[in-house]
K.L.:
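A single structure is presented below for examination.
For the single chain, residues carry numbers from 1 onward in sequence order.
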Amino acid sequence: MNAPNNGAAHSAPALRDTPETPDTIEAAARVDFGRPTVIIRRGGFALRWQARTIIVCAILGVLTLAVTTWALALGDYPLTLGQVWAALIGAPDAEFAHTVVVEWRLPRAVAAVFFGAALGASGAAFQSLTRNPLASPDIIGFSAGSYTGALVVITLIHGSYLQLAGGALLGGIATAALVYLLAWRRGVQGFRLIIVGIAVSAVLTSFNTWLMLTADLEVAMSAAAWGAGSLNGTSWEQTFYGSGIILLLLGAMATLTLGLRQLELGDDAAKATGARTEPIRLAVMVIGVALTATVTAAAGPIVFIALAAPQIARRLTRTPGVTVASAAFTGALLLAAADVAAQHLLPVPLPVGVVTVIVGGGYLVWLIIHEVRRRA
């Protein structure tokens, strides 16, 4: 059974990478008629971006930078923008401000941007694969698998950050493999993948609860606080390793752009264009799980960013399909803004995961109602 199409399956996406043949040029001209488009030629291929997508990504980047700068100025020791700049450039008369900004606040702010981008890109990958706006790592169980792997390391091994990252990655990949195998029936259909993922997620959630109930009290309390999804205490080590891994994974995802766009047309159409559907699907799933696992290892399971960011980006860019780049920019802005709200705009500081649950839960309800009404 095929997943309901959100209108993107048989429409050309904002980012297309196709051979320059007369047929594809004519098709591109029909699709892009009336839409300003930037074309970057690369050998025998043409990379086309709608100008609106580029502008939206640029605006999102500027807003993210503004929110990040604001986050560096806020706190128990408030700073002006001039003091923040002096601290960043290492001015000799701003030693204390340098400690506050660079050593205390900047790792968290940078982590929020990179982790949000990773979650947005991961959500875009899975929504594009399944052609369903409800598909995201936290809905179909991959986040729960990463959480389980990290929780095993915390409760049984008391490992370091790198061990935690390894456990989260192994847990996420093992869960993805299980969901993939259970959903396989002469191929994997998006709707079946989502249903199986929800079931596996429920089982893993119960197992995670059992792990914390049987752990030592101090370990269980630490795991529970971490499991809320928090950037509190984020160090430069976590930010450095996490952002580096995320950049590598986003680069790998960029190499799969053509295959991902072909899969949006459906397996039969993708095979007709020469795409190797299952290897591409597996590679995208592994990279998407790795992006989620990297964030989970550093900050715990921050949910709903991966669900909301791709759909918000699609509506902002007005593209017929979900694109990874715009979703990454949107995710970065959402998590950076949510972290500022969690720290400074509420009566009591809360983990950022609590804010994303509240906002994302409301968005999920709206999205479900919208989809039901659209198909009624």
K.L.:
Any side-chain heavy atom of Leu204 sitting closer than 4.5 Å to one from Tyr147?
P.N.:
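The answer is no; the side chains never approach within 4.5 Å.
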K.L.:
Return yes if some donor-acceptor pair links the side-chain N/O of Ser143 with the main-chain N/O of Ile139 below 3.5 Å, else return no.
P.N.:
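No, Ser143 side chain to Ile139 backbone: no donor-acceptor pair under 3.5 Å.
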K.L.:
Using a 3.5 Å distance criterion without hydrogens, assess whether the side chain of Thr323 forms a donor-acceptor pair with backbone atoms of Ala325.
P.N.:
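A pair under 3.5 Å: no.
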K.L.:
Which atom pair, heavy atoms only, marks the closest approach of Pro310 to Ala327?
P.N.:
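The pair with the smallest heavy-atom distance is CA-CB, 3.8 Å.
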K.L.:
Leu151 and Ala223: which non-hydrogen atoms are nearest, and at how many Å?
P.N.:
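Smallest interatomic distance, heavy atoms only, reads CD1-CB, 3.5 Å.
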K.L.:
With no hydrogens and no angle check, is any side-chain donor or acceptor of Ser122 less than 3.5 Å from a backbone partner on Thr292?
P.N.:
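Pair absent, no side-chain N/O of Ser122 close to backbone of Thr292.
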K.L.:
Rounded to the nearest 0.5 Å, what's the gap from CG on Asp339 to CG on Leu345? Could you check?
P.N.:
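Taking CG in Asp339 and CG in Leu345, the distance rounds to 10.5 Å.
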K.L.:
Would you call the rings of Phe142 and Phe126 parallel, tilted or perpendicular, where under 30° means parallel and over 60° means perpendicular?
P.N.:
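Plane angle between 30° and 60°, so tilted.
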K.L.:
Is Leu88 close to Val101 at the side-chain level, that is, under 4.5 Å between some pair of heavy atoms?
P.N.:
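A side-chain contact under 4.5 Å exists here.
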K.L.:
Please step through side chain to side chain contact (heavy atoms under 4.5 Å, CB included) for the pair Thr80 and Val84, ending with a clear verdict.
P.N.:
CA-CA 6 Å; Thr80 65; Val84 169; over 6 Å; no
K.L.:
Can you tell me how far CD of Gln83 sits from CZ of Phe96, rounded to the nearest 0.5 angstrom?
P.N.:
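The CZ atom of Phe96 sits 10.5 Å away from the CD atom of Gln83.
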K.L.:
Rounded to the nearest 0.5 Å, what separation is found between the CZ atom of Arg281 and the OG1 atom of Thr130?
P.N.:
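Going from the CZ atom of Arg281 to the OG1 atom of Thr130 covers 10.0 Å.
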K.L.:
Looking at OG of Ser243 and CG of Leu248, how far apart are the two atoms once the value is rounded to the nearest 0.5 Å?
P.N.:
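Spacing of OG (Ser243) from CG (Leu248) equals 9.5 Å.
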K.L.:
Would you say Thr356's side chain and Ile302's backbone share a donor-acceptor pair under 3.5 angstrom?
P.N.:
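It does not hold such a pair.
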K.L.:
Is there a continuous path of hydrophobic side-chain contacts, each under 4.5 Å between heavy atoms, that joins Leu156 to Trp210?
P.N.:
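Cluster IDs for Leu156 and Trp210 match.
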K.L.:
Is there a donor-acceptor contact under 3.5 Å from the side chain of Gln343 to the main chain of Val340?
P.N.:
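Absent.
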K.L.:
May I ask you to decide if Ala124's main-chain N or O and Gln127's side chain share a donor-acceptor pair within less than 3.5 Å?
P.N.:
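No; judged by distance alone, with no hydrogens or angles, the pair does not exist.
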K.L.:
Quick one: closest heavy-atom pair of Ala313 and Thr330, and the distance?
P.N.:
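Heavy-atom minimum between the residues: CB-OG1, 3.3 Å.
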K.L.:
Return all side-chain donor-acceptor pairs below 3.5 angstrom for residues 61-78, not counting sequence neighbours, or 'none' if the list is empty.
P.N.:
unit_1: Thr64; atom_1: OG1; unit_2: Leu60; atom_2: O; d: 2.8
unit_1: Thr68; atom_1: OG1; unit_2: Thr64; atom_2: O; d: 2.8
unit_1: Thr69; atom_1: OG1; unit_2: Leu65; atom_2: O; d: 2.8

K.L.:
Has Ser201 got a side-chain atom pairing as donor or acceptor with Gly197's backbone, closer than 3.5 angstrom?
P.N.:
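Side chain of Ser201 to backbone of Gly197, a donor-acceptor pair under 3.5 Å: no, none is there.
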K.L.:
In Å, rounded to the nearest 0.5 Å, how long is the span from CD of Gln238 to CG of Leu164?
P.N.:
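Atom-to-atom, Gln238:CD and Leu164:CG are 8.5 Å apart.
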K.L.:
Do Thr317 and Thr53 pass the side chain to side chain donor-acceptor pair (under 3.5 Å) test, and can you show the C-alpha distance, the side-chain angles, and the key distance before you say yes or no?
P.N.:
CA-CA 5 Å; Thr317 58; Thr53 300; 4.6 Å; no
K.L.:
Mind checking whether Ile305 and Val113 sit in one hydrophobic cluster, side chains of I, L, V, M, F, W, Y counted as touching below 4.5 Å?
P.N.:
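Unlinked, Ile305 and Val113 end up in two clusters.
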K.L.:
Roughly how far, to the nearest 0.5 Å, is CH2 of Trp366 from CD of Gln311?
P.N.:
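The distance works out to 8.5 Å.
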K.L.:
Check Val289 against Gly172 and note the closest heavy-atom contact, atom names and distance.
P.N.:
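The answer is CG1-C, 3.2 Å.
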K.L.:
Linking I/L/V/M/F/W/Y whenever their side-chain heavy atoms sit closer than 4.5 Å, directly or via other members, would Leu106 and Leu335 fall into one cluster?
P.N.:
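Leu106 clusters together with Leu335.
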K.L.:
Just by modelled atom types, is the Phe304 backbone N or O under 3.5 Å from a matching donor or acceptor in the Asp138 side chain?
P.N.:
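Side chain of Asp138 to backbone of Phe304, a donor-acceptor pair under 3.5 Å: yes, one is there.
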K.L.:
Show, in sequence, the C-alpha distance, side-chain angles and deciding distance for Thr239 and Phe114, and conclude whether the side chain to side chain contact (heavy atoms under 4.5 Å, CB included) test is met.
P.N.:
CA-CA 8 Å; Thr239 301; Phe114 277 95; 5.6 Å; no
K.L.:
Starting from Leu346, walk the hydrophobic network (Ile, Leu, Val, Met, Phe, Trp, Tyr; side-chain heavy atoms closer than 4.5 Å) and list everyone else you reach, by chain and number.
P.N.:
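ILVMFWY cluster around Leu346 also holds Leu350, Val354, Val355, Ile358, Val359.
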K.L.:
Same cluster or not: are Leu247 and Val284 linked, directly or through other Ile, Leu, Val, Met, Phe, Trp or Tyr residues, by side-chain heavy atoms under 4.5 angstrom apart?
P.N.:
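Leu247 clusters together with Val284.
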K.L.:
Please name the pair of heavy atoms, one in Ala252 and one in Ile287, separated by the smallest distance, quoted to 0.1 Å.
P.N.:
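Closest approach of Ala252 to Ile287: CB-CD1, 3.7 Å.
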K.L.:
With a 4.5 Å limit on heavy-atom distance, are the side chains of Ile59 and Leu316 in contact?
P.N.:
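The answer is no, as the side chains (C-beta and beyond) never meet within the 4.5 Å cut-off.
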K.L.:
Honestly curious: do Trp104 and Val102 fall in one hydrophobic cluster under the side-chain, below-4.5 Å linking rule?
P.N.:
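Cluster IDs for Trp104 and Val102 match.
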K.L.:
State, to 0.1 Å, how close Phe329 and Cys57 come at their nearest heavy-atom pair, and which atoms those are.
P.N.:
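In this case the closest contact between Phe329 and Cys57 is CD2-O, 3.5 Å.
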K.L.:
Which ILVMFWY residues can you reach from Trp85 by hopping between side chains whose heavy atoms are under 4.5 Å apart?
P.N.:
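Noted: Trp85 shares its cluster with Ile89.
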K.L.:
Could you tell me whether a side-chain N or O of Thr234 sits under 3.5 Å from a main-chain N or O of Leu231, the two making a donor and an acceptor?
P.N.:
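A pair under 3.5 Å: yes.
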K.L.:
Would Thr294 and Leu169 count as a side chain to side chain contact (heavy atoms under 4.5 Å, CB included) here? Give the steps.
P.N.:
CA-CA 7 Å; Thr294 302; Leu169 180 60; over 6 Å; no
K.L.:
By the definition side chain to side chain donor-acceptor pair (under 3.5 Å), identify the one residue from Thr296, Asn208, Thr175 that meets it with Thr148.
P.N.:
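Only one of Thr296, Asn208, Thr175 forms a side chain to side chain donor-acceptor pair (under 3.5 Å) with Thr148, namely Asn208.
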K.L.:
For the pair Val357 and Val303, evaluate side chain to side chain contact (heavy atoms under 4.5 Å, CB included) and give the outcome as yes or no after the intermediate values.
P.N.:
CA-CA 6 Å; Val357 164; Val303 297; 3.3 Å; yes
